[in-house]
Amino acid sequence: MAGYIDALRFTLAEMLGENDRVVVLNAPATASPPIAQALEDAAARLVNYQGRRYARLYLDRISRFVGRREVDDAMLLRIAELLAMRMAYEDPIRIAQLTLQEAASAPSGRAMPRIDRRCRFRIDEVVAALPVVVADPTLKVLDYLGWLHMPVKMRFNGSGWLGIRKLRIISWLRRWRLLSIRYANERKWVERWLHMIDRSLAVRPDAVTAVVESATMVRGYGDGYRYGMANWTLIIDALVKPAVNGTLPLPDLAQAIAEARAAALPDRKQTSLKRAIEAIRARCDAMPIQAAAS
């Protein structure tokens, strides 16, 4: 209940133009000046996306890699970049925010360019952006009716007064985002990705870059997002996790990830990807477990 009260208070504060509660957004003290600047810039963008406490969460998450000997500046910057992209995931609220930003960036004294985005979501994706207390029963009804995966076209028009007003109303919903089903799923995904990077650094440093870059599989919205998430999860479950746990003797984990990603198509049944993973695992059957650590 406290979360909903906070969300309501922050929504009203947003409508009244009040600022977020003050939260310190300094980068970790052990970060070099270039890294610290990059992290604070990313945190500033996440303030606009969700708020200062959300930006603080970003800095806390990335801090686990700051100062580690096995993580150089290039890798740290890449993890930070991908983490910021994933934490600013695209939902209808985000599209409304981006459209408003584009409309506000028009040069003064000139006619505003026509800004009209048309996006194709799935109805469960739109509902999942709402608080759980509303979304959960709605999704059950949609599932009962067989409409759960029905496509929904949404228009984000930033060219007129009415369109701008609509965009502002949608963007105000960002204060409720952290209470949504979608956010809960994104939080689990991000933490799992960071955990797999941690595990790879500890036992499979040869594959760290491939694990970091696997985040690029999950992006966008609609069917593309769903396919990417499903394919990423299958690769992690079938290859990366057993390899880092030592139960799959996979000498070249990075190559295996690349091979699997090449077979990851926008296919609901994941036929090509499953076939590729089966072939990779079959090559490991005759190998001793110790080979994975070589």
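For the single chain, residues carry numbers from 1 onward in sequence order.
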For residues 230-282, which residue pairs pass the ring pair (Phe, Tyr, Trp, His ring centres under 6.0 Å) check, not counting sequence neighbours? Trp189-Trp232
Quick one: are Leu265 and Gln270 in side-chain contact, heavy atoms under 4.5 Å? no
Can you confirm whether Trp193 sits close enough to Ile79 that some side-chain heavy atom of one is under 4.5 Å from a side-chain heavy atom of the other? yes
For Thr271, check side-chain hydrogen bond (donor to acceptor under 3.5 Å, both in side chains) against everything at least two apart and list the hits. Asp267
Under the salt bridge (Lys or Arg N to Asp or Glu O under 4.0 Å) rule, what pairs show up with a residue in residues 73-91, not counting sequence neighbours? Arg78-Glu81, Arg78-Glu213, Arg86-Glu186, Asp91-Arg177
Suppose the criterion is salt bridge (Lys or Arg N to Asp or Glu O under 4.0 Å): which pairs have a residue in residues 26-44, not counting sequence neighbours? none
Taking ring-ring contact (aromatic ring centres under 6.0 Å, His included) as the test, write out the residues that go with Tyr54, two or more places apart. Tyr49
Check the pair Arg204 / Asp252 against salt bridge (Lys or Arg N to Asp or Glu O under 4.0 Å), numbers first and verdict last. CA-CA 9 Å; Arg204 295 301 301 266; Asp252 195 341; over 6 Å; no
On a heavy-atom basis, which atom in [X] and which in [Y] lie closest, and how many Å separate them?
X	Y	value
Ala42	Ala84	CB-CB, 4.1 Å
Ala264	Asn231	CB-ND2, 3.7 Å
Pro242	Arg281	CG-NH1, 4.0 Å

Sequence neighbours excluded and cut-off under 3.5 Å, please list the side-chain donor-acceptor pairs for residues 118-127, or say none.
unit_1 : atom_1 : unit_2 : atom_2 : d
Arg118 : NH2    : Asp116 : OD2    : 3.4
Arg122 : NE     : Asp124 : OD1    : 3.2
Arg122 : NH2    : Asp124 : OD2    : 2.9
Glu125 : OE1    : Arg122 : N      : 3.3
Glu125 : OE1    : Gly222 : N      : 2.9
Glu125 : OE2    : Gly222 : N      : 3.0

Indicate yes or no for a side-chain donor-acceptor contact from Ser171 to the backbone of Ala96 under 3.5 Å, with no hydrogens or angles considered. no
Got a donor-acceptor contact below 3.5 angstrom from the Gln97 side chain to the Asn48 backbone? yes
Residues, nucleotides or ligands: over 12 heavy atoms within 6.0 Å of Arg219 CZ: no
Between the side chains of Thr99 and Arg94, is a donor N or O closer than 3.5 angstrom to an acceptor N or O? no
